[in-house]
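When a ligand or atom number is given, it counts from 1 through the structure's own listing order.
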Amino acid sequence: AEKLLTDREKLVSIGQIATGIAHEVKNPLTAVKGFLQLLKESKSHPYLDMMESELEKALATLQNLLQVSKPDLHEESLVPIDLCQELESLLFLFQERLYNVKLEMDLRNSERKIIGKRNLFLKAFFNLIKNAIEAIQETGKIKIEHYYQNEWIHIKVSDTGVGIPEDKVKMLGTPFFSTKSEGTGLGLTQVFTTIHKHGGNISIHSTIGKGTTFHIQLPVR
Ligand code: ADP
Ligand code: MG
């Protein structure tokens, strides 16, 4: 029988193919870079430097795609994380972009920590806040709040931005899904894989023209 793939399934398989290609292409490129470096030891030429920097760009792109879709969680990289403190340290990165956005934050009482990979969470919240800022067209508000419930910390990131059409909500998190002309469509993929790899959940509520809330739930110690 014929089976039609849903949009989401299509994007998931595109994501898997892309990850596979990234993996296959990375090894030969890394080899080329190695030989190039050897060549540079015996011969200097401006083209060689240009080749090296272009290769590095390509490798960084591949590395980024691989990390987003398959974050590795080695035991030794897992540390207790104070999410509230991390969020606060992130916000100053956005200072310049927050001139038209009112930021409301409730980040006290975060004595209970989650266990995880710090960099992944920094990136994930960076991606969420960046999206929230980009969703706000003229002025608006971003609210970050948290509470504890049993063995879980709940974090909500809300914005008063453009919102997401209902039929698009189910596409979120699939690699390369973007509605922005300059978007990569990898931000939410990184968010989803990070939350899921740490045993958490994420849900999205959005109303067109009103705004969007990302609700994250993670186990705490
Ligand atoms: P990118 O930001 O590069 O487009 P993301 O994975 O971060 O990729 O987001 C994917 C898409 O999800 C965005 O293009 C946008 O359409 C939608 N989106 C994500 N966050 C929000 C938000 N807070 N408000 C409205 N739309 C959003
Ligand atoms: Mg984004």
Side-chain angles (χ1 to χ4, degrees), residues 6-19 22 57 60-71 83 86-87 90-91 93-107 119-146 154-198 200-218:
T6 64
D7 288 346
R8 186 181 175 106
E9 286 170 325
K10 276 183 208 154
L11 279 172
V12 168
S13 40
I14 293 169
Q16 281 165 349
I17 293 166
T19 311
K57 275 188 221 161
T61 304
L62 297 175
Q63 188 56 31
N64 188 27
L65 174 58
L66 288 170
Q67 250 167 25
V68 157
S69 45
K70 283 189 191 155
L83 276 183
E86 302 297 350
L87 270 166
L90 259 184
L91 288 172
L93 293 177
F94 291 103
Q95 260 168 1
E96 279 166 33
R97 298 190 62 186
L98 285 172
Y99 56 90
N100 61 339
V101 175
K102 188 165 173 286
L103 186 73
E104 230 172 66
M105 221 171 27
D106 151 37
L107 297 176
N119 280 346
L120 292 180
F121 281 105
L122 284 174
K123 263 198 204 130
F125 284 104
F126 178 92
N127 287 330
L128 285 176
I129 297 167
K130 182 165 179 280
N131 280 343
I133 291 172
E134 287 166 355
I136 292 171
Q137 289 182 326
E138 303 209 328
T139 58
K141 200 166 87 181
I142 297 175
K143 197 158 104 184
I144 304 173
E145 52 196 329
H146 83 291
H154 293 252
I155 298 169
K156 288 185 175 182
V157 180
S158 315
D159 64 65
T160 58
V162 291
I164 306 163
E166 207 175 324
D167 64 316
K168 297 282 190 309
V169 170
K170 61 178 191 296
M171 312 286 286
L172 301 181
T174 42
F176 310 119
F177 173 74
S178 176
T179 57
K180 299 170 192 168
S181 54
E182 305 269 287
T184 61
L186 289 176
L188 287 181
T189 306
Q190 192 275 336
V191 173
F192 278 54
T193 53
T194 296
I195 302 301
H196 289 146
K197 288 265 173 181
H198 287 83
N201 284 309
I202 181 164
S203 60
I204 301 153
H205 297 276
S206 191
T207 311
I208 288 295
K210 284 251 167 76
T212 306
T213 299
F214 285 84
H215 183 158
I216 289 167
Q217 201 180 331
L218 285 159

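To the nearest 0.5 angstrom, Gln190 atom CD is 8.5 Å from Leu128 atom CG. One distance of note links CG of Asn100 with CD of Gln137; it measures 11.0 Å at 0.5 Å rounding. Residue Gln217 holds its CD atom at 15.5 Å from NE2 of His198, rounded to the nearest 0.5 Å. Taking CG of Asn131 as the reference point, atom CD1 of Ile136 lies at 11.5 Å (rounded to 0.5 Å). Rounding to the nearest 0.5 angstrom, the gap separating the CD1 atom in Ile216 from the CD1 atom in Ile195 is 4.0 Å. How far NZ of Lys123 is from CG of Leu186: 11.0 Å, rounded to the nearest 0.5 Å.
Thr19 is listed as a side-chain neighbour of Leu66, based on a closest heavy-atom distance under 4.5 Å. Between Leu65 and Phe176 there is a side-chain heavy-atom pair separated by less than 4.5 Å. Considering only heavy atoms from C-beta on, Leu83 comes within 4.5 Å of Phe125 through its side chain. Within the 4.5 Å cutoff, side-chain heavy atoms of Pro165 are placed close to those of Ile208. Between Lys143 and Lys156, the closest side-chain pair of non-hydrogen atoms is not below 4.5 Å. At a threshold of 4.5 Å between non-hydrogen side-chain atoms, the residues Phe214 and Val191 do not count as touching.
Near Gly185, the atoms of ligand 1 lying under 4.0 angstrom from a non-hydrogen atom of the residue are 1 (P), 3 (O), 6 (O), 8 (O). Residue Ala135 has at least one heavy-atom neighbour below 4.0 Å for each of these atoms of ligand 1: 22 (C), 24 (N), 25 (C). The ligand atoms of ligand 1 that sit less than 4.0 angstrom from a heavy atom of Gly163 are 25 (C). Interface of Gly187 with ligand 1, defined as ligand atoms under 4.0 Å from a residue heavy atom, comprises 5 (P), 6 (O), 7 (O). Close contacts between ligand 1 and Gly183 involve ligand atoms 3 (O), 4 (O) [criterion: under 4.0 Å to a heavy atom]. Close contacts of ligand 1 with Thr179, meaning ligand atoms under 4.0 Å from a residue heavy atom, involve 13 (C), 14 (O), 15 (C), 16 (O).
Leu188 N, 3.6 Å is the protein heavy atom nearest to atom 5 (P) of ligand 1. Distance from atom 2 (O) of ligand 1 to its nearest protein heavy atom, with residue and atom name: Lys180 NZ, 2.8 Å. The protein atom (non-hydrogen) at minimum distance from atom 7 (O) of ligand 1 is Asn131 ND2, 2.8 Å. Protein heavy atom at the shortest distance from atom 23 (N) of ligand 1 is Asp159 OD2, 2.8 Å. Nearest protein heavy-atom contact of atom 25 (C) of ligand 1 is Ile164 CG1, 3.5 Å. Among protein heavy atoms, atom 4 (O) of ligand 1 sits closest to Ser178 OG, 2.6 Å. In terms of protein heavy-atom proximity, atom 10 (C) of ligand 1 is closest to Phe177 O, 3.2 Å.
The closest approach between a heavy atom of Thr184 and any atom of ligand 1 is below 4.0 Å. For the pair Gly161 and ligand 1, no heavy-atom separation below 4.0 Å is found.
Looking at Phe214 next to ligand 1, no N or O pair under 3.5 Å apart turns up. For ligand 1, the polar-atom distance check against Leu172 finds no nitrogen or oxygen pair separated by under 3.5 Å. Residue-to-ligand polar distances keep Thr189 apart from ligand 1: every N/O pair is separated by 3.5 Å or more.
The minimum heavy-atom distance between Ala135 and Asp159, with the atom names listed, is CB-OD1, 4.2 Å. Considering every non-hydrogen atom in both Thr160 and Lys141, the closest pair reads OG1-N, 2.8 Å.
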Legend entry - Criterion side-chain contact (heavy atoms from CB on, under 4.5 Å) on Ile129 and Leu87, from CA distance to verdict: CA-CA 10 Å; Ile129 297 167; Leu87 270 166; 4.2 Å; yes
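Counting only protein N, O or S atoms closer than 2.8 Å to the Mg ion (ligand 2) gives 1.
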